[in-house]
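Data first, discussion second: the structure below is written as structure tokens.
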Amino acid sequence: MKKTLVFGITSAALAANLSVMKQACAQTITDPQPSVISDTDWQETSTNVTTLKNVGIGMTSPTEALRVIGNAIADDPLQPSHLVTKRYLDTQLQSVIAQSDAQQQQIKSLLQRVSALESQYQNVRNDYIQVVARLDEVESTLSPSGRNCLDIKTQLPVAATGFYLIDPDGENIGVDAFKVWCDMDYQGGGWTLFANHKDNIVNIQEGEVISPAEFSVMKAQRWQALRQTVSGGMMFKDEHGRITQVYQAKMNNANCRNIYTEDNLAALSTLGDYGLIWHHEDTNCNVSWDFAGVILGDKDSTRVESYTYQGASVLQAPNSKTRFDVWPYGSDESSRHHQNELLYFVK
């Protein structure tokens with residue numbers, strides 16, 4: 001009897017276990033659990049989405065995995081582990097597409113506006129070029145002309161500083177008329193600019209038009225014609241507006257070098273290789289401590305490298321008896337400590 005009871009209990013337990021196992025097997029067959037990919041908690045097919053994340057509907061802290069089948073897509077629109085419907089996502093996507101289309105339309109409109117503005121700019125630029133060309137023609141016709149700027153100043157005392165046409169050797173003789181910059185304000189006016197120079201230029205270049213805006217020197221033939229008309233001396237203006245001047249008599253009487261010594265301003269070959277365009281000494285021409293001079297030299301024409309920083313400067317040694325008539329640099333024997341650039345004029 002005792003054995004029968006034990007067997008019955010054992011049979012009942014086995015039967016119960018068997019029933020549980022059958023249910024588990026049935027569930028396994030009809031409802032397989034998805035495998036988890038190592039880098040995501042979501043499994044997607046063409047018809048369903050399955051998750052093993054702890055998500056839930058209406059639950060603040062879900063603890064059981066929820067299997068999702070149908071048009072539900074994993075997203076984080078509000079807070080982590082939320083689900084959204086495909087309809088919601090489609091709505092959001094349509095909104096983004098609509099905004100993108102609007103932006104593309106704005107970009108297209110702006111590009112059309114830019115194209116129109118570019119066309120207008122080109123038309124205005126072409127008109128400007130034509131106006132400038134016409135003004136040049138009118139200027140050449142109406143502007144007073146002469147052998148140099150002093151001639152123009154004499155003809156028209158109210159002439160303003162600027163560009164003018166000059167013909168130093170006369171019409172149909174020698175060089176053709178050419179444009180120059182005339183300073184009509186400083187030291188009585190009538191000054192013709194023949195060089196614009198600065199320290200440490202490697203090679204001096206000739207320019208078509210010598211102006212205060214570009215470093216260059218006058219072409220050789222033009223310079224040779226212009227210097228024949230000089231009657232008032234030389235003037236030099238540095239980048240700070242300080243004026244140095246030497247009158248005609250001192251300029252012509254320089255015993256070492258003057259403006260007639262060298263024909264080519266761009267290739268001054270001078271005693272001592274300083275690049276001196278004007279040089280006077282009381283004793284001899286070896287640049288001792290009794291000299292005055294004007295340097296227009298490049299790095300290749302200077303004697304030693306230490307002199308390259310005075311490629312554009314005026315010099316007046318303390319012992320020199322010949323002094324500049326206008327000297328703005330106090331007791332200093334050279335302007336090189338005060339300036340780096342010079343405009344060179346004759347009158």
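Numbering of residues begins at 1 and proceeds along the displayed sequence.
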Locate the shortest heavy-atom distance separating [X] from [Y]; write the atom from each residue and the value.
| X | Y | value |
| --- | --- | --- |
| Asp298 | Ile201 | CB-O, 3.2 Å |
| Leu296 | Leu268 | O-CD1, 3.1 Å |
| Lys179 | Val209 | O-CG1, 4.0 Å |
| His279 | Phe291 | NE2-CB, 4.1 Å |

Atom CZ of Arg222 and atom CG of Asp176: how far apart are they, to the nearest 0.5 Å?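 With rounding to 0.5 Å, CZ (Arg222) is 8.5 Å from CG (Asp176).
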Quick one: pull up CD in Gln316 and CH2 in Trp327 and give me the separation to the nearest 0.5 Å.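 It comes to 5.0 Å.
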Salt bridge (charged side-chain N to carboxylate O under 4.0 Å, His left out) pairs, two or more places apart, involving [range]:
| range | result |
| --- | --- |
| residues 231-245 | Asp183-Lys237, Asp238-Arg242 |
| residues 145-173 | none |
| residues 115-129 | none |

Polar side-chain atom of [X] near backbone of [Y] as donor-acceptor pair, under 3.5 Å:
| X | Y | value |
| --- | --- | --- |
| Asp199 | Gly311 | yes |
| Thr161 | Met184 | yes |
| Gln155 | Ser145 | yes |
| Asn264 | Ala220 | no |
| His197 | Gly297 | yes |
| Arg323 | Ser320 | yes |
| Arg336 | Leu315 | no |
| Glu214 | Asn196 | no |

By side chain to side chain donor-acceptor pair (under 3.5 Å), which residues pair with [X], not counting sequence neighbours?
| X | answer |
| --- | --- |
| Thr244 | none |
| Asn126 | Gln122 |
| Gln187 | Gln245 |
| Ser211 | none |

Would you be so kind as to tabulate the donor-acceptor pairs closer than 3.5 Å made by side chains of residues 102-113, with sequence neighbours excluded?
none

Can you list every pair that meets side-chain hydrogen bond (donor to acceptor under 3.5 Å, both in side chains) and has a residue in residues 226-235, with sequence neighbours left out?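 side-chain hydrogen bond (donor to acceptor under 3.5 Å, both in side chains) check on residues 226-235 returns Asn148-Thr229, Arg227-Asp263.
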Show every disulfide (SG to SG under 2.5 Å) that has at least one partner inside residues 151-253, sequence neighbours left out.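 Qualifying pairs, neighbours excluded: Cys149-Cys182.
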Please determine whether residues Val326 and Val314 belong to a single hydrophobic cluster, defined as Ile, Leu, Val, Met, Phe, Trp and Tyr linked transitively by side-chain heavy-atom distances below 4.5 Å.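 Not linked; separate clusters.
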Hydrophobic cluster membership, Met251 vs Leu150, 4.5 Å side-chain cutoff: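 They do not share one cluster, since no chain of ILVMFWY contacts under 4.5 Å joins Met251 to Leu150.
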Crowded around Gln221 CD? As in, over 12 foreign heavy atoms under 6.0 Å?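 Counting neighbours around CD of Gln221, 12 or fewer heavy atoms of other residues, nucleotides or ligands fall under 6.0 Å, so no.
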Contact list for residues 204-225, test ring pair (Phe, Tyr, Trp, His ring centres under 6.0 Å), sequence neighbours left out: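 Checked against ring pair (Phe, Tyr, Trp, His ring centres under 6.0 Å) - neighbours excluded - the pairs reaching residues 204-225 are Phe194-Trp223.
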For residues 228-263, pull every pair meeting ring pair (Phe, Tyr, Trp, His ring centres under 6.0 Å), keeping only residues two or more places apart or in separate chains.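 As it turns out, the ring pair (Phe, Tyr, Trp, His ring centres under 6.0 Å) pairs with a partner in residues 228-263, which skip direct neighbours, are Phe236-Tyr344.
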If we check side-chain contact (heavy atoms from CB on, under 4.5 Å) with Thr322, which of these qualifies: Val246, Asp282, Asn255?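 The single option meeting the side-chain contact (heavy atoms from CB on, under 4.5 Å) with Thr322 is Asp282.
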